> 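Quick one: the structure is below, and I'll ask about it shortly.
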Amino acid sequence: MKKIKNLLLFSYAILFIFTSGCAGVKGISDAQKHSATVFAMDTVMDLTVYGDEKVLSEAENLIKDLEGKFSVTLETSDIYALNSSKSAVVSEETYSLMKRGLEICNRTGGVLDLTVYPVVRAWGFTTQDYRVPEETELKELLAKVDHTKILLSDDRRISIPSDAMTDLGSVAKGFTGDRLMELFAKKGISSALVNLGGNVQALGAKPDGGAWKVAIASPKGDGSYAGVVSVKDKAVITSGAYERYFEENGRIYHHIIDTSTGYPADSGFLSVTVIGKEGTLCDGLSTSLFAMGPEKAFELWNNSDDFDAVFIAEDGRIYVTEGVKDDFSPLGEYAGVVPEVLYHD
Amino acid sequence: MRGLYRRCCIMIKTKTWIAVFAGLLVICMGLSLWIFLKPTGKTIANVYMDGECIRSVDLSAVTEPYTFTVTSHRGTNVVKVEKGRIRVIEADCPDKVCVRSGWISDSAAPVCCLPHKLVIRIEKNAMIEEGPDAVSE
């Protein structure tokens, strides 16, 4: 008799814990989840935080502020001032990003170059008035491309040669992600995910402690996925030829310019995804590893310990670096592909 | 003898009550499970113009495919709806990125037309969500 009564009480207790547990899970994911959409830096940005909603408006201000400093076309921006006067004292943010950006340029041996803007502009990728420039024109423009001629001095002054132009576009969204993560962490948020026009960056894990699942877009550019990678506290940034391109006389010209030829990089990759703690680095490297092609890209990774990557090659193969080999799974048309794992020598 | 009989009766009654409560308990547990874990089965796509939701479509309730047009002073997009998915099929924007994005059927990535400030987003239902949290592209 007593046994049955105890059993009954026990069941009630289980029932109580179970139902309240469910409600709790629902509470965290629904009640504390806040999202915002921001149109900035020529793209759509999705911000999701778990916690205080107020941080979203601060995040929006941060994004608009950075856009106002990094924009090439806005006449009040640091970069506009630098490009028009060739020498300017800039904000802390512009200075930090330029400094970090140049370090990444050096690391890629100039495959990433923050002065490539005149060439990209000649192709029409900045204005969408696409055209194929003459070879002589490209040669002339390439002569102006040299990131080693950007000079930084301690008083936050940046100087560039009189015929050069600079653009932080290849690292600006990554940097914005880093600053957003700092802001969220400072405000006591431990779980957040931002998608800055395809540049995904996560703070911490999901509210339930699980990893964020970030899909890698199919290089076909049709909205399907080539795979999914599980991450915590990391940026996942993909560069591919499919993102921006135009067709002329049956040829496809995409927006990732090879800084040695001035033409779109013909590297053997369809897309490169870089995964790491620092958004700025991932952003800069995704473009340059794509442009480098397999041999050089794999070597650069082998000499590094601060990022991982997923490479999708033109021949249908997928290469993943050892740090993410257990976190990546192919999907869709790549579902049957067994990724080749790259190990450090 | 009589006392024993009465005790038996009480015993039976108590056992019956326990059985009834146990039955209720099972029903309650089942109900709570159902209430908290049941998939709602709804896939809602919201269409936003400059951040404002202008139209909401229950994709799970679509039987026949159809199209509708979204027009603003910036331009026009033609949206096609099928059961469980949605896309832009025509637009007079310069880059046509929205058209090239193709179909979406989960909340991982929205369809965006930047020149027209149009966003089509499938809203996430935390309880039935199985797709990725975001798309790196």
Side-chain angles (χ1 to χ4, degrees), chain A residues 1 4-5 7-8 11-12 14-15 18-19 21-23 25-26 28-30 33 35-39 42-44 46 48 128-129 193-195 197-202 206 212-218 220-225 228-229 235-238 240 242-244 271 273 275 286 331, chain B residues 10-11 14-15 17-19 21-22 24-26 28-33 35-37 48 50-53 85 87-88 93-115 117-119 121 123-127 129-137:
Chain A
M1 190 64 200
I4 296 173
K5 267 187 188 164
L7 196 72
L8 204 64
S11 309
Y12 270 119
I14 293 277
L15 180 69
F18 189 76
T19 49
C22 272
V25 169
K26 197 177 182 188
I28 278 185
S29 47
D30 289 350
K33 179 183 171 183
S35 301
T37 302
V38 185
F39 288 90
D42 289 322
T43 192
V44 180
D46 283 323
T48 302
Q128 284 157 22
D129 293 324
L193 187 73
V194 300
N195 187 349
N199 283 22
V200 179
Q201 196 160 351
K206 289 210 226 185
W212 302 96
K213 282 185 285 173
V214 181
I216 294 173
S218 161
K220 274 205 268 175
D222 60 356
S224 63
Y225 310 141
V228 64
V229 60
V236 182
I237 298 179
T238 302
Y242 63 91
E243 292 172 294
R244 193 172 285 182
S271 84
T273 302
I275 301 147
S286 67
L331 284 179
Chain B
I10 293 168
M11 275 290 265
T14 316
K15 270 187 180 167
W17 280 116
I18 287 169
F21 273 118
L24 269 173
L25 198 68
V26 168
C28 284
M29 281 185 96
L31 258 175
S32 50
L33 253 176
I35 286 167
F36 287 113
L37 297 181
Y48 297 88
D50 206 356
E52 199 181 314
C53 184
R85 58 185 199 161
R87 67 169 296 178
V88 175
C93 58
D95 58 15
K96 306 276 189 285
V97 168
C98 52
V99 180
R100 286 214 303 260
S101 307
W103 295 101
I104 56 164
S105 55
D106 62 41
S107 55
V111 173
C112 302
C113 180
L114 273 178
K117 294 209 167 186
L118 174 86
V119 177
R121 186 193 302 283
E123 301 300 340
K124 191 176 274 195
N125 181 332
M127 284 301 167
E129 183 59 33
E130 279 173 8
D133 299 298
V135 183
S136 176
E137 53 195 338

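On a predicted model such as this, the values are computed, not experimentally measured, just so you know. Proteins get letters first, then strands, A, B, ... in listed order; numbering begins at 1 in each. FYI, side chains are in, hydrogens and waters are out, and symmetry mates aren't considered; it's all heavy atoms of this structure.
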> Taking atom CZ as the centre, does B/R100 end up with more than 12 heavy-atom neighbours from other residues, nucleotides or ligands that are less than 6.0 angstrom away?
yes
> Of the backbone (N, CA, C, O) and the side chain (C-beta and beyond), which part of B/R87 lies under 4.5 Å from a heavy atom of chain A, both, or neither?
neither
> Do you know which of A/T43, A/T273, A/L331 has the most heavy-atom pairs with chain B at a distance under 4.5 angstrom?
A/T43
> Please report the shortest heavy-atom distance between B/S136 and A/T238, naming the atom on each side.
OG-OG1, 2.5 Å
> Based on non-hydrogen pairs under 4.5 Å, which of B/P94, B/S101, B/G51, B/P110 is most in contact with chain A?
B/S101
> Closest heavy-atom contact between A/N195 and B/V135?
ND2-O, 3.5 Å
> Does any heavy atom of chain A fall under 4.5 Å from the side chain of B/V119, the backbone, both, or neither of them?
side chain
> Any side-chain heavy atom of A/Y225 sitting closer than 4.5 Å to one from B/D106?
yes
> I'd like to know if the side chain of B/D133 and the backbone of A/V214 have a donor-acceptor N/O pair within less than 3.5 Å.
no
> With respect to chain B, which residue among A/N199, A/D46, A/V229, A/V228 yields the maximal number of heavy-atom pairs within a distance under 4.5 Å?
A/D46
> Atom CG of residue position B/D50 - does it have more than 12 heavy atoms of other residues, nucleotides or ligands inside 6.0 Å?
yes
> OG1 of A/T37 to NZ of B/K117: how many Å apart, nearest 0.5 Å?
12.0 Å
> Please classify the contact between A/K206 and chain B as side chain, backbone, both or neither, with a heavy-atom cut-off of under 4.5 Å.
side chain
> Are any non-hydrogen side-chain atoms of A/Y242 and B/E137 less than 4.5 angstrom apart?
yes
